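What's counted below: heavy atoms across the whole structure, side chains too, no hydrogens, waters or symmetry copies. Chain identifiers are assigned alphabetically (A, B, ...) following the order of the sequence lines, protein sequences preceding nucleic acid strands; residue numbering begins at 1 within each chain. As the structure is a prediction and not an experimental result, all values here were calculated from the model.
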Protein chains: 2
Amino acid sequence: MALDREQVVDAAWHILQTYGLGDLSMRRLARELGVQPGALYWHVANKQELLAVLAQRMVAPLSTSSTGAPTTGASPAGTSPAVADDDATLLIARFRSAVLAVRDGADVVSVAHALDPSGMQPTPLLTAALTRAGMDPAPAETAALTLVRFTLGSVTAQQTRESMDLPTATMAAEFEAGVRAILA
Amino acid sequence: MALDREQVVDAAWHILQTYGLGDLSMRRLARELGVQPGALYWHVANKQELLAVLAQRMVAPLSTSSTGAPTTGASPAGTSPAVADDDATLLIARFRSAVLAVRDGADVVSVAHALDPSGMQPTPLLTAALTRAGMDPAPAETAALTLVRFTLGSVTAQQTRESMDLPTATMAAEFEAGVRAILA
DNA sequence: ACCTGAACACCGTTCAAGT
DNA sequence: ACCTGAACACCGTTCAAGT
């Protein structure tokens, strides 16, 4: 009953989650799906496109959940700038968790984010949160980029260590300290 | 007259500089040196070790030059905290330049830095500069890690874009804004 | 001590030909 | 429309055997 693009992406997602980027080869993926390697190229243009789709899937939960907050209309009377700043802190923490949860997630998301820095989540959501917190749009966007790049640098380091069974006990606290410094 | 380790590293360095990480294979390196691939394994344990040596070579200039400043004895009477803070700004900018100058430099240095975050340059030099600027040792080390991880995140993004011929005009300014935010 | 030859177990991608 | 078969041009690493 004919392979489709979704099955290809799902199988790739499973390999990435379970075995990491080093094991996510087009040949391995084809084997897992019971087809010849060439068959995959009917459903995806190439490996790069496949990785871009996986990156989108990793950050998708950020857009679907809370903190997408009031963009239209004025902020509710009770919403102070401090609360919106907490929104940014929460948002970047959720981004980190999402990327950290997938093996080699940072490597995959880093490429996607480099291609579209201001369009890809969590950048637009962060920029909105920081604007709500009282920043002008331009510095808000710059601060959002700083947060995302710092986070990707941190998670890349952590996942590299995890892949080598080195300790990572201090890294969550270091991440939080970095976020505080950037938003201070 | 027998290959030695230095020739292997020099040739690898040349390939990395000129063609990037994608072209730095053990087989290609062997071809360039006029030997069989297996011969390389007499001089280096594996590709990972070779990349670690290249990472060291990229950051070596940082240790050999200025801003290594007075560690022993009290600061000169005229040296205010503000000056030492400028030292940190200068140091992280020089780190960025060194990594940015080598194709895919951020990928190579990121791994080395993940393995030894506090030992590898520029972390110890940065920590020293920030301590001179009046910070306590613990927060100084955390701030140094934040700076280095943000910088590696930024340069990774920029080099990804460069490898795809996408514009990078805004990225130097975004880097500087990030550094200011972190040190503010 | 240092290197070759040859193998092992892989890659991503293309494309004529089949159904 | 969708897939196979087969090829092209590669990988990193090991190791007996040669000099």
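Taking the P atom of each, C:dC10 and D:dA9 are spaced 23 Å apart, rounded to whole Å.
The hydrophobic clustering, which links ILVMFWY residues whose side-chain heavy atoms are closer than 4.5 Å, places B:Leu183 and A:Leu183 together.
Closest contact between the side chain of B:Gln36 and the listed nucleotides D:dT13, C:dT4, C:dC2 involves C:dT4. Considering only side-chain atoms of A:Leu3, the nucleotide from D:dC3, D:dC11, C:dC2 that sits closest is D:dC3. Of the candidate nucleotides C:dC11, D:dT13, D:dC3, D:dT13 has the atom lying nearest to any side-chain atom of B:Lys47. Closest to the side chain of B:Ala2, out of D:dC3, C:dT13, C:dC2, is C:dC2. Across C:dC11, D:dA1, C:dC2, the shortest atom-to-atom separation from the side chain of A:Trp42 is found for D:dA1. Closest to the side chain of B:Ala39, from the set C:dC11, C:dT4, D:dT13, is C:dT4.
Protein atom CG of A:Leu51 is 14 Å distant from nucleotide atom P of C:dC11, rounded to whole Å. One atom, CG of A:Asp23, and another, C1' of C:dC11, lie 13 Å apart when rounded to the nearest Å. Going from atom CD of B:Glu49 over to atom P of D:dT13 covers 11 Å, rounded to whole Å. Rounded to whole Å, the distance from OH on A:Tyr41 to C1' on D:dC8 is 13 Å. Nucleotide C:dC10 holds its C1' atom 16 Å from the CG atom of A:Leu21, rounded to whole Å. Rounded to whole angstrom, the span from the CZ atom of A:Arg27 across to the P atom of D:dA7 amounts to 13 Å. If you measure from atom CD of B:Gln7 to atom P of C:dC2, you get 12 Å, rounded to the nearest angstrom. When rounded to the nearest whole Å, the span between CZ of B:Arg5 and P of C:dC2 equals 13 Å.
Residues B:Thr160 and A:His113 bring no donor and acceptor atom of their side chains to less than 3.5 Å of each other.
Under 4.0 Å is where a charged nitrogen must lie from a carboxylate oxygen, and between B:Arg96 and B:Glu176 no such pair does.
No side-chain donor-acceptor contact under 3.5 Å links A:Gln158 to the backbone of A:Met171.
For the pair B:Leu40 and A:Leu24, nearest-nucleotide mapping onto DNA chain C gives the more 5' position to B:Leu40.
Checking D:dC8 for Watson-Crick or G-U wobble geometry (two distances, each under 3.5 Å) identifies C:dG12 as its partner. Across all strands shown, D:dC2 is found opposite C:dG18 as a Watson-Crick or G-U wobble partner, with both distances under 3.5 Å.
Relative ring orientation between A:His14 and A:Tyr19 is described as perpendicular, the plane-to-plane angle rising above 60° on a 0-90° scale split at 30° and 60°.
Between A:His43 and D:dA1 there is no side-chain polar atom (N or O) within less than 4.0 angstrom of OP1 or OP2.
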